[in-house]
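Reading through the structure tokens given below for one structure.
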Amino acid sequence: MFNSLTGTITGKMPNTLYLETNGIEWDLFVPDSTLDALPPIGQVAKVYTWLLHREDSMKLFGFASAKERMLFLDLLKVDGVGAKGAVKILSNISGSQLVSALDEGNLAALEKIPGVGKKTAGKMLLALKGKISLDYTVTVRTVKTNAYADVIDSLVNMGYEKKNCELVIDEIVSGLSSDEGFKAKDRKEKEDLIFKRALVALAR
């Protein structure tokens with residue numbers, strides 16, 4: 001029904017984003033990772049959406065990228081993980097780290113996610129290992145030669161794994177691709193912004 005909304009960000013709260021489009025202010029339930037990836041209040045942003053429609057209620061969910069939304073939809077395939085549970089998972093682990101843990105069968109990493117636990121972690125592996133619809137390995141190859149290699153090197157020098165840095169920065173750059181404010185910044189300002197957002201994402 002809704003693929004995306006583009007409008008002015010009017011408010012940010014934990015797991016909540018307010019977006020105004022043509023005089024209508026939307027209340028979207030979002031992962032904290034989306035809040036971090038989107039521009040500040042007052043700027044224009046594109047948010048990818050998913051509508052949860054029940055007999056007694058409707059709730060609109062928002063994501064900074066189509067990839068993040070696809071990962072959210074994959075999590076809904078796990079028995080016992082509802083929409084709010086999937087948002088909580090994405091709020092506490094980056095998409096790249098989650099995909100890596102699933103592909104590697106890293107049960108311990110999944111159990112550390114707040115609210116998951118051993119039982120749900122096992123269900124996640126059973127349902128999603130080797131079946132994630134996102135191909136993060138493709139984005140890694142594009143990031144290695146892009147304009148933000150210096151940012152990646154700086155993060156690696158701080159002790160972060162290079163692969164995770166590449167994946168996180170690709171997600172951030174994708175989320176900023178339609179941000180006119182970001183496009184207007186000079187190279188140094190862009191690198192500083194991406195570096196700060198990457199630190200937040202990698203620290204989760």
Next item on the list: Could you pull out the closest heavy-atom pair between Ala45 and Leu38, with the gap in Å?
Entry: CB-CD2, 4.0 Å
Next item on the list: Please check if atom CG in Asn22 has more than 12 non-hydrogen atoms from other residues, nucleotides or ligands closer than 6.0 Å.
Entry: no
Checklist line | Check ion pair Asp192-Lys196 (N to O, under 4.0 angstrom) | finding: no
Check: Is the number of heavy atoms from other residues, nucleotides or ligands within 6.0 Å of NZ (Lys118) greater than 12?
Finding: no
Note to self: To check you understand the geometry: which heavy-atom pair defines the closest contact between Pro39 and Ile9, and what is its length?
What the structure shows: O-CD1, 3.2 Å
Item checked: Whether Arg197 side chain and Ile169 backbone form a donor-acceptor pair below 3.5 Å -> no
Notebook entry, point to check: Between Ile113 and Lys88, does a side chain to side chain contact (heavy atoms under 4.5 Å, CB included) hold up when you go through it step by step?
Noted result: CA-CA 9 Å; Ile113 303 172; Lys88 185 174 182 179; over 6 Å; no
Notebook entry, point to check: Would you say the side-chain atoms of Ser91 and Asn15 include a donor-acceptor pair closer than 3.5 Å?
Noted result: yes
Check: Looking at residues at least two apart in the chain, or sitting in another chain, which of them share a ring-ring contact (aromatic ring centres under 6.0 Å, His included) with Phe195?
Finding: none
Notebook entry, point to check: Regarding Glu25 and Thr10, is there a side-chain donor-to-acceptor distance under 3.5 Å anywhere?
Noted result: yes
Checklist line | Asp179 side chain near Gln43 side chain, heavy-atom distance below 4.5 Å | finding: yes
Note to self: Can you confirm whether Leu126 sits close enough to Lys123 that some side-chain heavy atom of one is under 4.5 Å from a side-chain heavy atom of the other?
What the structure shows: no
Item checked: Parallel, tilted or perpendicular, as decided by the 30° and 60° cut-offs, for the rings of Phe72 and Phe63 -> tilted
Check: Could you go step by step and tell me if Met124 and Ile89 meet the side chain to side chain contact (heavy atoms under 4.5 Å, CB included) rule?
Finding: CA-CA 11 Å; Met124 288 170 66; Ile89 290 171; 4.3 Å; yes
Check: Just checking, any donor-acceptor pair under 3.5 angstrom between side chains of Gln97 and Ser94?
Finding: yes
Next item on the list: Identify whether the distance between the nearest side-chain nitrogen and carboxylate oxygen of Lys188 and Glu191 falls below 4.0 Å.
Entry: no
